[in-house]
Amino acid sequence: MNTFVPRVFSGMQPTGNLHLGNYLGAMVNWIRMQETHDCIYCIVDMHAITVFQEPKDLIRSTREVTAAYLACGLDPKRSIIFNQSRVAMHAELSWVFNCVARLGWMDRMTQFKEKAGKDKERASLGLYAYPSLMAADILTYKATHVPVGEDQKQHLELARDIAAKFNNDYAERIAELGFSGGFFPQPEPMIQGPATRVMSLRDGTKKMSKSDASDLSRINLTDDADSIANKLRKAKTDPEPLPSEAAGLAGRPEADNLIGIHAALSGVGKADVLAEYGGQQFSAFKRALTDLAVAKLSPITGEMQRLVADAAYIDTVLKEGGERAQAIAAPIMDDVKDIVGFLR
Ligand code: TRP
């Protein structure tokens, strides 16, 4: 009954540099989805300011993340690439969703609890409403597929709950206006598997993260060959040689991570990597991994540097992307207004 056009939406915050974890965990997947779907990739600057951002840093980071998107292979002709604040419908719909979502639902969000920390009273109202804005991002395009990491799964479930409650609360009006099968789709999370979960180079049990205090813990998409080599040389390991089979990685998170990175960069499975390096010492393997990482990442790094120097081009991409996004979002928001009973 529901005939929603398949559409992909995803986003990243413009805070800090993108790193290997973002690339292998998310971007590679986003790039692949361009082959099969209409995709919208957003730089979520409105989410970024839920925690104070220096305006000049926000501008620079927004352009940098855009440059990274393009350098990694997102194609602005094929996909829609833009910064969130440009399209007013995100804010408009999020207000309606703030009125649909229940406090009890928001109170269960684990990411808010983590980010707000002990002093919840001092967190911004925006940080609390973050998942409602995220639901609006997705649903203002009636997106059906949302590639995200495991950590965003709960937010996606909330988006589904909001969509369902909106459809239900306004069911009569939705039917009256001639929308059959509900107004909003149930957006589906496409969770990246653990195979592509890149962990910290300093601690194989923690996710590689831009907020880790140690820069040695991550490979940034702006790192040159020397720093990639340096970080991999210093990467934490254990004293045993590499196992010959994937089962031997159990209980060895650092070995598992490095093998996983090699496998993901070369597009094969961990077993294939171990078939080649099993029994060897880490030192030899790390040299091979460095060569591979430099070969795969240096074209991206180079392209990123070129793009970051061309702010005018980046701004044009965002402007055109914003116009295309708006063309999809505006009629949907008009329908929402009619459904809710806002005169326009
Ligand atoms: N919350 C997401 C993150 O931190 C970013 C995001 C914002 C997003 N809006 C979105 C992801 C909509 C997917 C769909 O990773």
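Both ligands and their constituent atoms are indexed starting at 1 by order of listing. Along the sequence shown, residues carry numbers from 1. Fair warning: this is a prediction, and the values are worked out from it, not measured in the lab.
Contact annotation for His47 and ligand 1: only side-chain heavy atoms (C-beta onward) come within less than 4.0 Å of the ligand. With a heavy-atom cut-off of 4.0 Å, Leu133 does not touch ligand 1 at all.
Set against the non-hydrogen atoms of Val44, the atoms of ligand 1 under 4.0 Å away are 7 (C), 9 (N). Contact atoms of ligand 1 toward Ile138: 12 (C), 14 (C) (distance under 4.0 Å to a heavy atom of the residue). Below 4.0 Å from some heavy atom of Val148 lie the following atoms of ligand 1, by number and element: 11 (C), 13 (C). The atoms of ligand 1 that sit less than 4.0 Å from any heavy atom of Val146 are 13 (C), 14 (C).
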Query raised in the report: Given the rule in the side-chain contact (heavy atoms from CB on, under 4.5 Å) test, do Ser61 and Thr15 qualify, once you have shown the distances and angles that lead to the verdict?
Result: CA-CA 6 Å; Ser61 292; Thr15 46; 5.8 Å; no
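Protein heavy atom at the shortest distance from atom 9 (N) of ligand 1 is Asp137 OD2, 2.7 Å. Among all non-hydrogen protein atoms, the one lying nearest atom 6 (C) of ligand 1 is Gly11 O, 3.9 Å. Shortest contact from atom 1 (N) of ligand 1 to any protein heavy atom: Tyr130 OH, 2.7 Å. Regarding atom 12 (C) of ligand 1, its nearest protein heavy-atom neighbour is Phe9 CE2, 3.5 Å. Scanning the protein heavy atoms around atom 10 (C) of ligand 1, the nearest turns out to be Met134 CG, 3.5 Å.
Looking only at atom types and distance, the side chain of Asn230 has no donor-acceptor partner in the side chain of Ser227 under 3.5 Å away. Between the side chains of Asp215 and Asn220, at least one donor N or O lies within less than 3.5 Å of an accepting N or O.
Taking the charged nitrogens against the carboxylate oxygens, Arg102 and Asp161 have no contact shorter than 4.0 Å, which rules out a salt bridge.
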